[in-house]
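To start, the structure under review is shown below, and the notes come after it.
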Amino acid sequence: MSSESGDPTTGFADFLASPLADVPPTADRESGQEQEEATEQTIRDATDSAQERSATQQEAAAGRILPYRPVSGRYRSSGGSFQLELRVDVDNIRTGSKVLRRLSGDFFATSGATTTYFGSFTVHSPTVSWSATQVVVRGLGTFSWSAGAPVVQVTIPRRSVIQPPGAATAQFFTVSGQPGASYMCPYVSPYFRAIQWEQDSVTGKVPFLSYNSGSLPQPSGSPSRVLSVPGAYTEAGIQLLVAGAANVIADSPMGWNDSELHGAMQTNFSLWQNIPQWKVWLLVASAYEGLAGVRGIMFDAADSFQRQGCAVFYDLIKGADAEAQRAQLRTYVHELGHSFNLLHSWQKNLAQPPAPLGPNGGFGDLSWMNYPQNYQSPSGASGTAAYWSDFPFQFTDNELTHLRHGFYRNVIMGANPFGTSAADIEPELFDEPLTDDSGLRLGLRVAKSGFAFGEPVVVELKLETTDLRGRSTHGHLHPDDELVNIAIRQPSGRTVLYRPMRLRCVDQDETVHLGTDRPAIYSSAYIGYGRDGHYFQQPGTYQLRASYQASDASRIVSPVLHVTVRHPVSATDTQLAELMMGEEQGKLLVLRGSDAPSLRAGNDALQEIIERHANHAFAVYARLAKGLNAEHEFKSLNADRAGLDVRAPDPKSAIEQLTPVVKVSEQGKGVDNLTLNLATRRLARAYARQGDLEEASSTLDRLVRHFDTPAFKPHVVEAVRAQAESTKAQLMADFGTA
């Protein structure tokens, strides 16, 4: 994560300038209200301790001492610009639960009405100090960003079992011991994570309910208990909440393939959205198509939001006897484990980065994620019988660490792809807000199905309201205004941020009200070139996502847009791509033309396209840059830098270049509609400069007729008509006769 977004571990000086700054009181920076808050907290702590001692003394006097409540579990702060979800794992939360002796947490940035994931940390080997009044856990954390204060200390007051849990105080320190940010985190749950699980089944297939582990031989140290699927995850410290409607859907007589399963998920998973969320779907299906022996599958492993759905295949695991019930339990837990991003026991070294394998190349793992038939005990026994003889119905310690303490995006369904583990933190395409009450929605699209290699990539943005009452916000929708950002994931996998070549400080008020009369605003942006050069430098598929910062600081994120850049198929295509993709040409397209001497070579390349390839699609963009530049004057310093040389507008040249741009684009073969609107109005102004107001008016009327069709929404047509009439009035004022 970038430090430009603030660092929730540091104190005042490190991230005061960040819009996400959260400045908790620290020992060396207290004044006024901060001192008062710190004093009040000290009094509360002292009161809590006194009350606890008093209760303990009373119990002791009565001849009975109450046991302490466990401190392990989940805690969460509130208020401020950062929210911390903290997980403490230092004592038993229930009988049979393993203690991993770890701390972990996820930070979420709150801005306006939106909440967005920021980053995660884990403390793998903390020191734990126990006293009669509190537990202190401290250690150096591993963070998903370069944290300024990476030492974590968590203090939790001890409570008896009849008292409510105490809140945890998480304090961050620099490596030199300087205090950073501090968070008060009230207790939330004994579970480290909570997941909503929706299960559907096909007609005639009965879902599994539970298995008594004492029904068949098991390891001597493993207690007999009745285990359901949620019960198995409860022992792992994960709360699996049954949610949604349990649908019964028609079966596929030939079995189910991946695409059918994915379609069934989208249709029947009532909680489904293509966003990261703690929600998972399981289908009890009949059989898998085309491959025998498949008991289950985590089929959602190929799209942009993986690990949201899995299936078990009833025909291979059915049965009411104890052996069949035991196998069903393992299959359900196993497939759901993949949705948490757990690999098979023998495949952990294939993760990114590789994880260490257990005994015998992983086949010796006593885990839900192993195959019974693959089991190879370190003692030499192997196979299904040996597995069940040794298996205590649990995950391994490193799997528990992942489930409880893995970095957020590596565990939550719909985030990092299957096989990505905690150390592989890829740049994000603006994470989906976890909550969004902004009443706004951002759209991102392109006007064509694909772009030729070297063709300027232009995107259209749309901001609309989802609130029937309407919403007010600013109208700066172009990314050059830097209130909209666009992330580009290139075919190589590298993610870059489109950074405009110019820095436009939009400090003027441009409030718009989106409602019934004006439900949306639009913008068009050429994003092929910016401060980092050309962004679409290779053929392939790109993923784009836009983020809009609203007036109330809410961050509205668009869906991911896939853009294809086609390979050149001829020598001419390659030559034209080279003519379009020079650095100077990129700048000219951004600037909409220029007479600057430093860009002469770029202008020569565009002119070559116009003269030698007049009928090629690229000629439209070359003409657009040339025509827009010719239509207005150009100013430059004169030779002795004593004044300005002004090149007057050249309406004749502008008309010559812009007329074919408008004509081809009206036929749907040129620029997008928003750019067409601009080009047509500038063409009308060129006619007006020549004194032909009649043709200027006719040109604007033609623009309105182009949009006045059922293909465009009425508010769009009215906006174009109003813009055309306003342009007519301005042209008459500027170029009309008295």
Side-chain angles (χ1 to χ4, degrees), residues 456 458 478 480 502 504 523-526 585 587-600 602-611 614 619-638 643-667 670-708 719-738:
V458 178
H478 196 285
D480 282 6
R502 300 165 295 179
R504 299 200 310 213
S523 184
S524 173
Y526 165 59
Q585 293 90 306
K587 292 176 182 178
L588 286 167
L589 291 169
V590 170
L591 297 171
R592 296 173 179 168
S594 172
D595 285 358
S598 62
L599 300 178
R600 183 176 292 112
N603 271 315
D604 290 344
L606 296 182
Q607 188 63 35
E608 181 177 349
I609 293 173
I610 293 170
E611 293 175 356
V620 171
Y621 302 99
R623 290 184 184 279
L624 179 68
K626 290 276 191 176
L628 292 178
N629 183 54
E631 193 277 324
H632 64 79
E633 64 185 21
F634 185 84
K635 304 179 183 68
S636 59
L637 284 170
N638 56 29
L644 289 177
D645 288 332
V646 179
R647 190 264 296 156
D650 183 357
K652 180 180 178 181
S653 179
I655 293 169
E656 179 183 357
Q657 301 294 354
L658 292 178
T659 297
V661 172
V662 170
K663 181 178 179 180
V664 171
S665 299
E666 286 176 340
Q667 299 170 355
V671 298
D672 63 282
N673 284 310
L674 291 171
T675 305
L676 169 62
N677 185 352
L678 168 68
T680 305
R681 287 185 288 114
R682 294 287 292 274
L683 175 60
R685 195 164 71 175
Y687 279 118
R689 286 187 187 279
Q690 272 197 162
D692 194 347
L693 285 169
E694 182 176 350
E695 186 60 32
S697 178
S698 177
T699 298
L700 291 169
D701 290 341
R702 189 168 66 249
L703 172 67
V704 174
R705 288 196 299 273
H706 173 77
F707 283 92
D708 192 10
V720 172
R721 180 176 287 112
Q723 201 170 38
E725 292 301 319
S726 175
T727 302
K728 283 183 182 180
Q730 187 63 50
L731 294 180
M732 181 60 68
D734 291 343
F735 305 106
T737 56

Looking only at heavy atoms, what is the nearest atom pair of [X] and [Y], with distance?
{"X": "Ala696", "Y": "Ala688", "value": "CB-N, 4.1 Å"}
{"X": "Ser524", "Y": "Asp672", "value": "OG-OD2, 3.0 Å"}
{"X": "Ala614", "Y": "Ala619", "value": "O-CB, 3.5 Å"}
{"X": "Leu693", "Y": "Gly736", "value": "CD1-CA, 3.7 Å"}
{"X": "Gly670", "Y": "Val620", "value": "CA-CG1, 4.2 Å"}

Between Glu631 and Arg689, is there a salt bridge with N-O shorter than 4.0 Å? yes
By side-chain contact (heavy atoms from CB on, under 4.5 Å), which residues pair with Asp650, not counting sequence neighbours? Ala630, Lys652, Ser653
Judged by atom type as modelled, is there a donor-acceptor pair below 3.5 Å linking the side chain of Asn603 to the main-chain atoms of Asp595? no
Under a 4.5 Å cut-off applied to non-hydrogen side-chain atoms, are Val720 and His706 in contact? no
Test item: Arg685 and Phe735 side chains (from C-beta on) under 4.5 Å apart, heavy atoms: yes
Can you confirm whether Arg681 is buried at CZ, in the sense that more than 12 heavy atoms of other residues, nucleotides or ligands lie under 6.0 Å from that atom? yes
Tell me, yes or no, whether the heavy-atom count around Glu694 atom CD, taken from other residues, nucleotides or ligands under 6.0 Å, exceeds 12. no
List, one per line, each side-chain donor-acceptor pair under 3.5 Å for residues 658-665, sequence neighbours excluded.
{"unit_1": "Thr659", "atom_1": "OG1", "unit_2": "Ile655", "atom_2": "O", "d": "2.7"}
{"unit_1": "Ser665", "atom_1": "OG", "unit_2": "Val661", "atom_2": "O", "d": "2.7"}
{"unit_1": "Ser665", "atom_1": "OG", "unit_2": "Val671", "atom_2": "N", "d": "2.9"}

Rounded to the nearest 0.5 Å, what separation is found between the [atom1] atom of [X] and the [atom2] atom of [Y]?
{"X": "Leu628", "Y": "Arg623", "atom1": "CG", "atom2": "CZ", "value": "13.0 Å"}
{"X": "Leu624", "Y": "Leu678", "atom1": "CG", "atom2": "CG", "value": "7.0 Å"}
{"X": "Arg702", "Y": "Leu700", "atom1": "CZ", "atom2": "CG", "value": "9.0 Å"}
{"X": "His478", "Y": "Tyr526", "atom1": "NE2", "atom2": "OH", "value": "11.5 Å"}
{"X": "Gln585", "Y": "Asp604", "atom1": "CD", "atom2": "CG", "value": "9.5 Å"}
{"X": "Leu588", "Y": "Asn629", "atom1": "CG", "atom2": "CG", "value": "8.0 Å"}

Ignoring hydrogens and angles, write down the donor-acceptor pairs under 3.5 Å from the side chains of residues 722-734, residues two or more places apart or on other chains.
{"unit_1": "Gln723", "atom_1": "OE1", "unit_2": "Asn677", "atom_2": "ND2", "d": "2.7"}
{"unit_1": "Thr727", "atom_1": "OG1", "unit_2": "Gln723", "atom_2": "O", "d": "2.9"}
{"unit_1": "Lys728", "atom_1": "NZ", "unit_2": "Asp701", "atom_2": "OD1", "d": "2.5"}
{"unit_1": "Gln730", "atom_1": "NE2", "unit_2": "Asp734", "atom_2": "OD1", "d": "3.0"}
{"unit_1": "Gln730", "atom_1": "NE2", "unit_2": "Asp734", "atom_2": "OD2", "d": "3.2"}

